[in-house]
Visitor: 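Can you keep this structure in mind? I'll have questions shortly.
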2 protein chains.
Amino acid sequence: MSESTAVARGRRTSRNRGDDRERAILDTAERLLGERSYADVAVDDLARGAGLSRPTFYFYFPSKEAVLLALLDRVVAEARARRDEAVADPAPDVEGRWRQVIGAIAQPFRSHLAVTLAAAEARATSVAVREVWNGVMERFVDETAAQVEAERARGAAPDGPPARQLAIALNWMNERVLHSAFAGEQPGLAADDAVEVLLTVWMRTIYGGRLP
Amino acid sequence: MSESTAVARGRRTSRNRGDDRERAILDTAERLLGERSYADVAVDDLARGAGLSRPTFYFYFPSKEAVLLALLDRVVAEARARRDEAVADPAPDVEGRWRQVIGAIAQPFRSHLAVTLAAAEARATSVAVREVWNGVMERFVDETAAQVEAERARGAAPDGPPARQLAIALNWMNERVLHSAFAGEQPGLAADDAVEVLLTVWMRTIYGGRLP
DNA sequence: GAGTCTGTCAACAGGGTGTCGAGAAACGGC
DNA sequence: GCCGTTTCTCGACACCCTGTTGACAGACTC
């Protein structure tokens, strides 16, 4: 639904103006979300910021929510790409491989903090945002569960509750802990400590055997 | 209009009428939050439901948020009480004790589902709700950290990351996993499975030693 | 140079919040 | 029993926000 832009030199401006406006709205949104909360950014702010009137905004996007979804899509795509990169170039040790995956997913959300926090906020009220978000989580859960099962199959990890159940708990933990760390909430971990602490919980949960 | 109050002759009625109205608003709120989301309940709905006009609502509560906070306080108080009960009457085995605590905290939030989900929704935009919520979490984190340190001191649990960091990760995990379970989100655990799965992660994280 | 897209926006309709000030109702003193 | 004070009630208002409508302007198309 993009990529076909940059149509060389000439006068094929027909779509350019519209694309520029669209990009201006997205840029304005990401900038304003860095300054205040999603709820405090009105459609009028996005329009004005992009040099448009409010009704004109609606020519480009059906709602403020749609702008956020567009921004979120980019971050999600990046997180998936980073994760795939990490998996494609695995560390030699088991712990290092899990660290790679957790860190790779966290990184894009951290570097697009404004979008991440806005999405978390909007998820509370927007069905569409929630669906996108849960879709992302679903995929990470699936992949985690498959990895855990593989580790069990090769005898590296002990049995226990269904791998999928552990994967659900661990992935939601990451989401919540990273959110509170990024948002600077209390109680919360320092953003720089978070991955290591999460990794400890993952390692002990996946590989820790029976208890005393 | 209805109820007619008919409080008979308890003479110190001075505050009764007001208290009744207040309770009617709280009851209406909890009922409506069982039917639709916090955002979809307007102040007018609360007022009408309690047999009042909208401006009169503001005589009793400064905002819709204040109503939610009042409801939330009750649930939080119950969770704290249940937790204290559980601690006061400990199971004989270690795992049983942790199960008691996790289950005791979860139970009131589950039985007041409407308030729990509304608070989670409102937390995204309301500073006051977030503060209450994080205050609750802070206390659970403190208590968890102290327990973990006690287990380490008596040699039952191995060393590792600071107890407080683990406590933060584990408590946020519980919050998020229980929320998704209660809300029926996907991916999510069945509400009846959640405590056992969480318990597994806690046990392995707290007592699981070094890894392969 | 007429027709048709792509943009553009003033004005409107509708729904929400919170406030103000004029009162009605209940009570307590006398 | 009447009277002032406190408690309670609500119509009307001021605001802010969303999303739509309809008239209209510029550019490219043939």
Side-chain angles (χ1 to χ4, degrees), chain A residues 4-5 7 9-26 28-29 32-33 36-69 118 121-122 124-129, chain B residues 1-26 28-29 32-33 36-69 118 121-122 125-129:
Chain A
S4 59
T5 45
V7 194
R9 58 221 152 92
R11 284 270 160 254
R12 278 282 78 77
T13 50
S14 131
R15 202 67 269 276
N16 280 358
R17 191 171 175 75
D19 284 355
D20 282 353
R21 298 280 192 256
E22 207 169 303
R23 208 169 310 120
I25 291 172
L26 291 171
T28 302
L32 292 182
L33 288 174
R36 38 201 153 105
S37 76
Y38 176 73
D40 288 342
V41 174
V43 169
D44 195 53
D45 300 327
L46 299 179
R48 296 285 163 213
L52 303 169
S53 73
R54 207 165 53 79
T56 303
F57 166 93
Y58 288 102
F59 181 83
Y60 293 102
F61 291 95
S63 65
K64 181 171 76 163
E65 180 191 61
V67 175
L68 177 59
L69 286 169
E121 180 186 340
T125 48
S126 157
V127 180
V129 172
Chain B
M1 253 239 265
S2 53
E3 293 301 318
S4 75
T5 345
V7 189
R9 57 207 65 262
R11 37 202 189 290
R12 279 283 80 77
T13 50
S14 126
R15 256 307 30 219
N16 279 0
R17 191 173 176 74
D19 284 356
D20 282 353
R21 298 279 192 258
E22 207 169 303
R23 208 169 311 117
I25 290 172
L26 291 171
T28 303
L32 292 182
L33 288 174
R36 36 201 153 104
S37 76
Y38 176 73
D40 287 342
V41 174
V43 168
D44 196 54
D45 299 328
L46 299 179
R48 297 283 162 214
L52 304 170
S53 72
R54 206 165 56 79
T56 303
F57 166 92
Y58 287 102
F59 181 83
Y60 293 101
F61 291 95
S63 63
K64 181 172 76 163
E65 180 190 61
V67 175
L68 177 60
L69 286 169
E121 180 186 338
T125 48
S126 157
V127 181
V129 172

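Just so we're on the same page: letters track the sequence lines, and every chain starts at 1. Just the heavy atoms: all of them, side chains too, but no hydrogens, waters or symmetry mates, feed the values below.
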Visitor: Are OP1 or OP2 of D:dT9 and a side-chain N or O of B:Y60 less than 4.0 angstrom apart?
Guide: yes

Visitor: Between C:dG15 atom C1' and B:D45 atom CG, what is the distance in whole Å?
Guide: 12 Å

Visitor: Could you tell me whether the phosphate oxygens of C:dC9, OP1 or OP2, come under 4.0 Å of any side-chain nitrogen or oxygen in A:T56?
Guide: yes

Visitor: To the nearest Å, give me how far apart CG (A:L52) and P (C:dT6) are.
Guide: 17 Å

Visitor: Among C:dC9, C:dT17, C:dC12, which nucleotide has an atom closest to any side-chain atom of A:R54?
Guide: C:dC12

Visitor: Looking at the side chain of A:P55, which of D:dT20, C:dG18, D:dC10 is the nearest nucleotide?
Guide: D:dT20

Visitor: What's the OH-C1' distance between A:Y38 and D:dT18, to the nearest Å?
Guide: 12 Å

Visitor: With respect to the side chain of B:Y58, which nucleotide from D:dC10, C:dG7, C:dG18 is positioned closest?
Guide: C:dG18

Visitor: Heavy-atom distance under 4.5 Å between the side chains of A:V43 and A:R48, does that happen here?
Guide: no

Visitor: Charged N to carboxylate O below 4.0 Å: is that the case for B:K64 and B:D44?
Guide: no

Visitor: Without decimals, in angstroms, what is the distance between B:D44 CG and C:dG15 P?
Guide: 12 Å

Visitor: On DNA chain D, does the nearest nucleotide to B:R48 precede the nearest nucleotide to A:K64 from the 5' side, or the other way round? Give the residue.
Guide: B:R48

Visitor: Using whole Å, what does the distance between atom C1' of nucleotide D:dC10 and atom CG of B:L46 come to?
Guide: 17 Å

Visitor: So, does B:R21 get its side chain near the phosphate of D:dT7, meaning an N or O under 4.0 Å from OP1 or OP2?
Guide: no

Visitor: Among the nucleotides D:dT7, C:dT6, D:dC10, which one has an atom lying closest to any side-chain atom of B:F59?
Guide: D:dT7

Visitor: Is A:F57 close to A:R21 at the side-chain level, that is, under 4.5 Å between some pair of heavy atoms?
Guide: no

Visitor: Between A:D20 and A:R23, is the closest basic N to carboxylate O distance under 4.0 Å?
Guide: yes

Visitor: When the distance from CD of B:E65 to C1' of C:dG16 is rounded to whole Å, what number comes out?
Guide: 16 Å

Visitor: Could you check how far CG of B:D20 sits from C1' of D:dC8, rounded to whole Å?
Guide: 14 Å

Visitor: Rounded to the Å, how far apart are A:F61 CZ and C:dG7 P?
Guide: 13 Å

Visitor: Check whether any side-chain heavy atom of A:Y60 lies under 4.5 Å from a side-chain heavy atom of A:V67, and answer yes or no.
Guide: no

